[in-house]
Amino acid sequence: MTAGKLGLTELASWKALKTNFEKVKNDHLRELFSMEADRGGRLAVEAEGIYFDYSKQRITDETMQLLLALAQESGLKAKIEAMFRGDKINLTENRSVLHTALRVPKGKAVMLEGKDIMPEVHAVLDKMAGFAEKIRKGEWQGYTGKVIKNVVNIGIGGSDLGPVMAYEALKNYTKRGLLFRFVSNVDDTDFAEATQDLNAEETLFIISSKTFTTLETMTNAHTARAWVLKTLKDTQAVAKHFVAVSTNAVEVSKFGIDTANMFGFWDWVGGRYSMTSAIGLSNMIAFGPENFRAMLDGFHQMDEHFRNVAFEKNIPVLMGLLGIWNTSFFGAETLAVLPYEQYLKRFPAYLQQLTMESNGKQVTITGDRVDYQTGAIYWGEPGTNGQHSFYQMVHQGTKLIPCDFIAFTKALNPIGRHHDILAANVFAQAEALAFGKTAQEVKMDGAPDTLVAHKTFEGNKPSSMILMDKLTPNALGKLIALYEHCVFTQAAVWQINAFDQWGVQLGKVLADKIIPELESQEAPVLKHDSSTNTLIKRYRKLK
Ligand code: G6Q
């Protein structure tokens with residue numbers, strides 16, 4: 001451990017939490033609720049249009065005080081300030097982490113190395129808005145004079161997951177005459193299926209890549225270029241059918257895209273934190289500049305909440321600390337994210353990158369191996385579908401699976417009783433998980449003795465409820481920023497770097513080595529392990 005700095009498990013609050021855990025680990029939510037009449041209202045916070053109920057977490061007041069003390073002792077406040085101030089907190093890449101600047105409204109400055117970066121941020125947003133309107137109004141024509149009807153975003157990871165998720169989340173607000181597709185995988189099928197029914201004359205490709213060198217994205221981009229040229233047969237057409245979102249103007253222009261049609265961003269925006277940058281261009285075209293700005297406002301409001309509100313009322317801080325409690329103390333391996341809103345169907349997938357690429361780390365920021373559990377496995381499906389599939393395990397399996405329920409009081413497409421039924425289900429699930437059904441209750445229901453054990457629900461499964469009004473662009477911004485800052489809180493306490501991703505490198509390097517071995521005419525000399533060598537030989541023979 002670095003001299004002068006205490007490791008996490010040496011902190012007084014961590015040690016006290018260990019003691020507290022031994023004391024409370026067998027407490028049942030049934031008892032806690034029956035002892036504390038006001039628990040449901042007391043262990044809840046309302047802010048920024050979010051009602052966050054954490055009363056069904058397996059905590060006592062003492063646990064919460066100690067978790068808050070842990071946040072203090074971990075220097076969370078100072079770490080938050082360091083991020084907002086633009087300090088190079090991503091130490092392993094020597095970068096500032098300033099995605100919060102992307103959503104600061106006009107009229108406010110954000111200084112980085114003595115320069116206000118906001119004029120550039122707003123210039124890009126304005127340029128995006130101008131372009132988006134041209135497409136939306138049919139003013140941007142393709143090479144043969146036809147109006148653009150299809151927009152295909154090509155990008156992967158942080159240059160894909162945010163835009164797809166937000167497109168799906170805000171579909172209700174999109175311009176329906178335009179068709180949007182997202183190609184990310186290098187698998188031929190992704191491109192083939194996304195384009196098989198499209199007319200090249202009416203199709204615009206947005207090549208979204210921070211580096212403009214990512215193998216999958218560049219492979220798909222070149223395939224798209226060939227696909228367009230097959231119909232339009234003139235390289236001049238590229239400028240009309242391709243725009244780029246990137247930080248790499250040199251590579252963009254090498255590809256043949258007019259740099260006037262390039263939308264830039266900056267190295268202080270990490271990939272998985274980039275959906276509020278120009279990476280959101282497809283979103284701005286889909287739901288319009290006004291809705292995009294409303295989404296940015298939502299992000300900003302949550303940013304300000306995170307930065308300014310006392311920890312005991314600070315929703316992302318509370319959520320982050322509860323996650324630490326479940327992961328590092330209860331040893332829960334996963335967290336199920338269960339949105340009861342069909343439009344959020346891609347939200348769990350988006351969160352997987354945000355949380356797992358950020359906090360899936362085994363060493364501290366100074367490179368020491370951690371001796372506690374870090375980031376949880378995030379997964380989930382929209383309700384009520386999951387109830388007819390994996391909820392069985394959450395209720396009666398042998399694993400502890402904490403859940404985040406996300407629900408809205410209003411429907412976006414109200415039809416009859418649907419929304420009340422949906423809401424009843426989310427409340428019922430949280431209730432069933434917490435309180436279960438005892439063997440005695442099962443018997444009283446008349447179950448035969450042979451079925452009592454099968455029909456018993458132990459309960460005591462922790463969950464939080466995030467209840468909001470309606471899924472608007474603003475609400476979506478708040479919800480995403482909430483999770484971003486929850487991730488930050490956890491990384492700050494776990495003493496890890498949430499902003500690098502070295503774990504994705506090795507596979508990339510090895511794939512680069514194997515590609516020529518699969519493609520070469522002559523049998524290559526293979527120097528891998530015996531398994532990989534055999535697989536390569538078999539593939540070469542059978543392909
Ligand atoms: C995210 C990662 C990663 C990145 C993709 C795409 O934090 O850095 O998911 O977004 O690898 O990178 P490019 O935008 O450079 O193509």
Side-chain angles (χ1 to χ4, degrees), residues 21-37 39-40 43 53-60 63 322-323 325-342 344-345 347-349 351-352 373 376-407 417-467:
F21 178 71
E22 289 307 317
K23 208 159 72 184
V24 307
K25 67 180 183 195
N26 295 319
D27 287 358
H28 199 291
L29 285 165
R30 267 197 296 262
E31 292 144 28
L32 294 172
F33 270 85
S34 74
M35 283 185 318
E36 305 163 25
R39 185 175 171 99
L43 300 181
D53 174 359
Y54 58 99
S55 61
K56 296 190 187 85
Q57 292 288 345
R58 290 170 62 174
I59 43 154
T60 62
T63 315
L322 292 164
W325 178 242
N326 286 330
T327 301
S328 302
F329 291 86
F330 274 105
E333 295 278 332
T334 84
L335 179 87
V337 182
L338 308 163
Y340 279 65
E341 167 58 72
Q342 185 64 21
L344 288 179
K345 65 181 183 194
F347 194 59
L351 279 188
Q352 284 184 329
Q373 284 289 316
I377 301 160
Y378 277 64
W379 59 286
E381 281 289 324
T384 57
N385 297 5
Q387 293 173 207
H388 297 264
S389 122
F390 55 80
Y391 276 43
Q392 163 63 36
M393 181 191 259
V394 187
H395 284 286
Q396 288 188 317
T398 53
K399 294 171 178 58
L400 184 71
I401 304 178
C403 303
D404 278 0
F405 290 104
I406 303 171
R417 298 169 58 223
H418 283 249
H419 198 259
D420 287 343
I421 296 172
L422 179 74
N425 270 281
V426 69
F427 299 147
Q429 288 299 327
E431 188 179 16
L433 287 170
F435 304 106
K437 189 166 184 176
T438 62
Q440 205 189 353
E441 286 165 338
V442 174
K443 275 184 204 156
M444 273 162 53
D445 276 356
D449 284 355
T450 49
L451 284 186
V452 171
H454 299 277
K455 292 184 131 189
T456 298
F457 288 68
E458 281 176 6
N460 218 14
K461 317 289 186 205
S463 72
S464 295
M465 181 73 64
I466 296 167
L467 185 62

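All figures in this text were calculated on a predicted structure; none of them were measured in a lab. Just so you know, residue 1 is the first one in the sequence shown, and it goes up from there.
Contacts of F427 classified as side chain to side chain contact (heavy atoms under 4.5 Å, CB included), with partners at least two apart in sequence or in another chain: A423, M465, L467. In terms of the salt bridge (Lys or Arg N to Asp or Glu O under 4.0 Å) criterion, residue partners of K23 (sequence neighbours excluded) are, by chain and number, E62. Not counting sequence neighbours, K56 has no partner by the salt bridge (Lys or Arg N to Asp or Glu O under 4.0 Å) test. Under the salt bridge (Lys or Arg N to Asp or Glu O under 4.0 Å) criterion, E31 pairs with no residue at all, not counting sequence neighbours. Remark: Y340 pairs with Q387, Y391 by the side-chain hydrogen bond (donor to acceptor under 3.5 Å, both in side chains) rule, at least two apart or across chains.
You'll find the side chain of T63 stays beyond 4.5 Å of the side chain of F329, heavy atoms only.
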Show your reasoning for whether side chain to side chain contact (heavy atoms under 4.5 Å, CB included) applies to F405 and L433.
CA-CA 12 Å; F405 290 104; L433 287 170; 3.7 Å; yes
CA sep, side-chain torsions, deciding dist, call: N326, Q57, side chain to side chain contact (heavy atoms under 4.5 Å, CB included):
CA-CA 9 Å; N326 286 330; Q57 292 288 345; 3.0 Å; yes
Step by step, work out the side chain to side chain contact (heavy atoms under 4.5 Å, CB included) result for F390 and E381.
CA-CA 9 Å; F390 55 80; E381 281 289 324; 3.7 Å; yes
Test side chain to side chain contact (heavy atoms under 4.5 Å, CB included) applied to V24 and I59, step by step:
CA-CA 7 Å; V24 307; I59 43 154; over 6 Å; no
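Atom-to-atom distance recorded for L344:CG and L351:CG is 9.5 Å, nearest 0.5 angstrom. For the atom pair CG of L338 and OG1 of T384, the computed distance is 11.5 Å after rounding to the nearest 0.5 Å. Distance check: I466 CD1 to Y54 OH gives 13.5 Å after rounding to the nearest 0.5 Å. In this structure, M393 CE and T398 OG1 are separated by 6.5 Å, a value rounded to the nearest 0.5 Å.
Of all heavy-atom pairs between A447 and V452, the closest is O-CG2, 4.1 Å. Summarising the geometry of S463 relative to A430, their closest heavy-atom pair is OG-CB, 3.9 Å, with the distance given to 0.1 Å. A pairwise comparison of heavy atoms in E341 and P382 identifies O-CB, 4.4 Å as the closest pair. Taking every heavy atom of both residues into account, C403 and L335 meet most closely at N-CD1, 4.3 Å. The two residues P402 and T334 have their closest heavy-atom pair at CD-O, 3.2 Å. Counting all heavy atoms, side chain and backbone alike, G459 lies closest to H28 at C-NE2, 3.8 Å.
Looking only at distances, a side-chain donor or acceptor of Q352 sits under 3.5 Å from a matching main-chain atom of Y378. Distance alone, capped at 3.5 Å, is enough to place a donor-acceptor pair between the W325 side chain and the R58 backbone. A donor-acceptor pair is defined here as one N or O able to donate and one able to accept, closer than 3.5 Å; such a pair exists between the side chain of S328 and the backbone of Q373. In this structure a side-chain-to-backbone donor-acceptor pair under 3.5 Å is present from N460 to L29.
Within the structure, every pair that satisfies the side chain to side chain donor-acceptor pair (under 3.5 Å) test and touches residues 429-441, not counting sequence neighbours, is listed here: H395-Q429, K437-D445, T438-E441.
When the shell of 6.0 Å around CD of Q396 is examined, it contains more than 12 heavy atoms from other residues, nucleotides or ligands.
Between F33 and F435, the ring-plane angle classifies as perpendicular under the 30° and 60° cut-offs.
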